Amino acid sequence: MISTVAGTLALAALMGSALAADLPVKAPPAAAPSWSGLYAGVSIGARWGDNDWRTSDVAPGLGVGIFVPTAGTGGAMDSVAARFGGYLGYSAQISTSWVAGVEAVFGWADASKRANPAPGMTGLYFGAPVNGLPTASVKETWDGSLRGRLGYLVAPTTLVYGTGGVAWQRLELNANCTVAPGSFCSGASYNETHASTRVGWTVGGGVEQMIAGHWLVRADYSYADFGTFTQTFFTANGLAFDDRFTAHVKARTHTATVGLAYRF
C-alpha cells in the first residue's frame with residue numbers, strides 16, 4: 001500500500017509539472033515612460049489683443065478746458081489674428097507623478113486695430129465740434145516668453161501643467177492727421193508710428209499627451225500683461241495751435257495654441 005501511494009504521488013507530481021510547462025508565462029509589467037529630456041516643437045493658434053486706449057493732454061499748450069471730451073476719454077482697441085510659433089524646453093520627471101521644467105516660446109501674429117477718430121479725441125474745441133480728427137491704430141507682431149512649468153501626470157502618458165514667467169510683445173502705436181479747413185491739425189499733416197518691445201508677465205496652462213514614445217502633442221493657453229505704453233503724438237508745431245495729445249495704451253494678450261513637439 002505504501003508503494004502504491006508513493007507511486008500515485010510521483011505520477012501526480014509529473015502531471016503537475018507537465019501542466020505547468022504548458023501554461024503561458026506572464027510578461028513583466030511595462031516600465032512607465034519617462035518625461036525627462038530636451039524637446040522642441042511648433043505651434044499654431046490665435047492671439048487676442050486686449051488693449052485699452054486712453055487719451056489725455058489734448059492741445060496742452062492752449063490751456064486747461066480748451067478741449068472737452070464728449071464721447072469719453074478712451075476706448076477698446078482689441079484685435080485677433082492667427083499665430084504661428086515654436087517652443088523649446090527641458091523637462092525633468094521629479095517623481096512618478098510630477099514633472100518640472102523650463103520653456104522658451106516665440107511666435108508671430110499680424111494683429112491690428114484702427115479707430116477713426118482716435119479714442120478720446122471726440123469733443124468740443126473752444127466750445128465747438130471739430131472735423132478731421134486724428135485716427136489711431138494699435139498693432140502687435142512678434143511675441144516671446146520664458147516660462148517655468150510644473151505638471152501632474154494624470155496618466156503615465158498624460159500631463160496637465162501650469163506655467164508662469166516673463167513675456168515680451170512688440171507693440172506699435174500709430175496716429176494720422178491731415179491738414180484741412182476745420183481739422184484738428186492746423187500746422188502740418190502727421191503720420192507717426194512709435195514702436196516698443198514691451199516686457200511683462202505671463203501665466204497659463206495646458207495638457208500634453210505623449211504619443212509614439214518621443215512625440216508630444218499639446219493644447220496650451222496663456223495670458224500676458226505688458227503694462228501701459230504711454231506716447232505723445234504731434235509735437236507742437238510752433239504756430240498758434242497746439243496739435244499734441246498723449247496716448248496711454250494698456251496692453252494684454254490671450255494666446256491659445258495647439259502644438260507638436262519631439263522629445264530627444
Side-chain angles (χ1 to χ4, degrees), residues 16-50 80-109 140 142-170 197-227 251-264:
S17 298
L19 290 172
D22 292 336
L23 292 175
V25 177
K26 186 176 180 180
S34 174
W35 285 79
S36 296
L38 181 72
Y39 60 89
V42 294
S43 63
I44 186 172
R47 189 182 67 213
W48 290 263
D50 182 9
V80 62
R83 179 187 180 277
F84 305 91
Y87 50 98
L88 175 69
Y90 181 82
S91 292
Q93 187 163 346
I94 55 180
S95 73
T96 56
S97 298
W98 293 94
V99 177
V102 63
E103 183 174 285
V105 181
F106 51 92
W108 171 272
E140 297 156 324
W142 65 265
D143 67 81
S145 65
L146 183 63
R147 309 185 293 185
R149 197 166 77 134
L150 180 63
Y152 180 78
L153 291 167
V154 296
T157 58
T158 305
L159 179 72
V160 176
Y161 62 86
T163 62
V166 60
W168 294 266
Q169 177 69 64
R170 188 64 172 177
T197 299
R198 309 298 300 171
V199 181
W201 55 268
T202 180
V203 293
V207 59
E208 196 163 45
Q209 178 70 36
M210 185 183 294
I211 56 176
H214 287 273
W215 291 97
L216 305 169
V217 62
R218 67 162 57 168
D220 184 271
Y221 165 80
S222 63
Y223 168 84
D225 189 314
F226 301 100
R252 296 152 294 190
T253 60
H254 302 265
T255 303
T257 62
V258 293
L260 178 65
Y262 183 83
R263 182 175 59 84
F264 299 96

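Since the model is a prediction, treat every value here as computed from it, not as a measurement. Quick note: residue numbers are just sequence positions, from 1.
Every salt bridge (Lys or Arg N to Asp or Glu O under 4.0 Å) that R218 has, sequence neighbours left out, goes to E103, E208. By the side chain to side chain donor-acceptor pair (under 3.5 Å) test, T197 pairs with R170, sequence neighbours left out. With sequence neighbours excluded, the residues satisfying side chain to side chain donor-acceptor pair (under 3.5 Å) with D220 are Y161. Residues meeting the side chain to side chain donor-acceptor pair (under 3.5 Å) test with H214, sequence neighbours left out: none. W108 pairs by the ring pair (Phe, Tyr, Trp, His ring centres under 6.0 Å) definition with nothing, not counting sequence neighbours. In this view, W142 satisfies the ring pair (Phe, Tyr, Trp, His ring centres under 6.0 Å) rule with no residue, not counting sequence neighbours. The side chain to side chain contact (heavy atoms under 4.5 Å, CB included) check on A104 picks up L146, with sequence neighbours excluded. Every residue two or more places apart in sequence or in another chain was checked for a side chain to side chain donor-acceptor pair (under 3.5 Å) with S34, and none qualifies.
Taking CZ of R198 as the reference point, atom CG of D225 lies at 10.0 Å (rounded to 0.5 Å). Here L216 contributes atom CG and I211 contributes atom CD1; the two are 8.0 Å apart, rounded to the nearest 0.5 Å.
For the residue pair P33 and M210, the shortest heavy atom distance occurs at CB-SD, 3.6 Å. Between G89 and L38 the shortest heavy-atom distance is O-CD1, 3.1 Å. Here the closest non-hydrogen pair linking A109 and A82 is CB-O, 3.2 Å. Across L88 and Y39, no two heavy atoms sit closer than the pair CD1-O, 3.2 Å. The two residues A167 and A224 come nearest to each other via the heavy atoms CB-CB, 4.3 Å.
Sorted by first and then second residue, the salt bridge (charged side-chain N to carboxylate O under 4.0 Å, His left out) pairs involving residues 35-48 (not counting sequence neighbours) are R47-D143. Evaluation of the side-chain hydrogen bond (donor to acceptor under 3.5 Å, both in side chains) test over residues 85-99, restricted to residues two or more places apart or in two chains, returns S91-R149.
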Please tabulate, one pair per line, all N/O donor-acceptor pairs under 3.5 Å involving side-chain atoms of residues 199-207, not counting sequence neighbours.
unit_1 : atom_1 : unit_2 : atom_2 : d
T202   : OG1    : Y223   : O      : 2.9

Using residues 251-258 as the side-chain source, report each donor-acceptor pair under 3.5 Å to any protein atom, sequence neighbours left out, with the distance given to one decimal.
unit_1 : atom_1 : unit_2 : atom_2 : d
R252   : NE     : D50    : O      : 3.3
R252   : NH2    : D52    : OD2    : 2.5
H254   : ND1    : Y221   : OH     : 2.8

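At a threshold of 4.5 Å between non-hydrogen side-chain atoms, the residues R83 and S43 count as touching.
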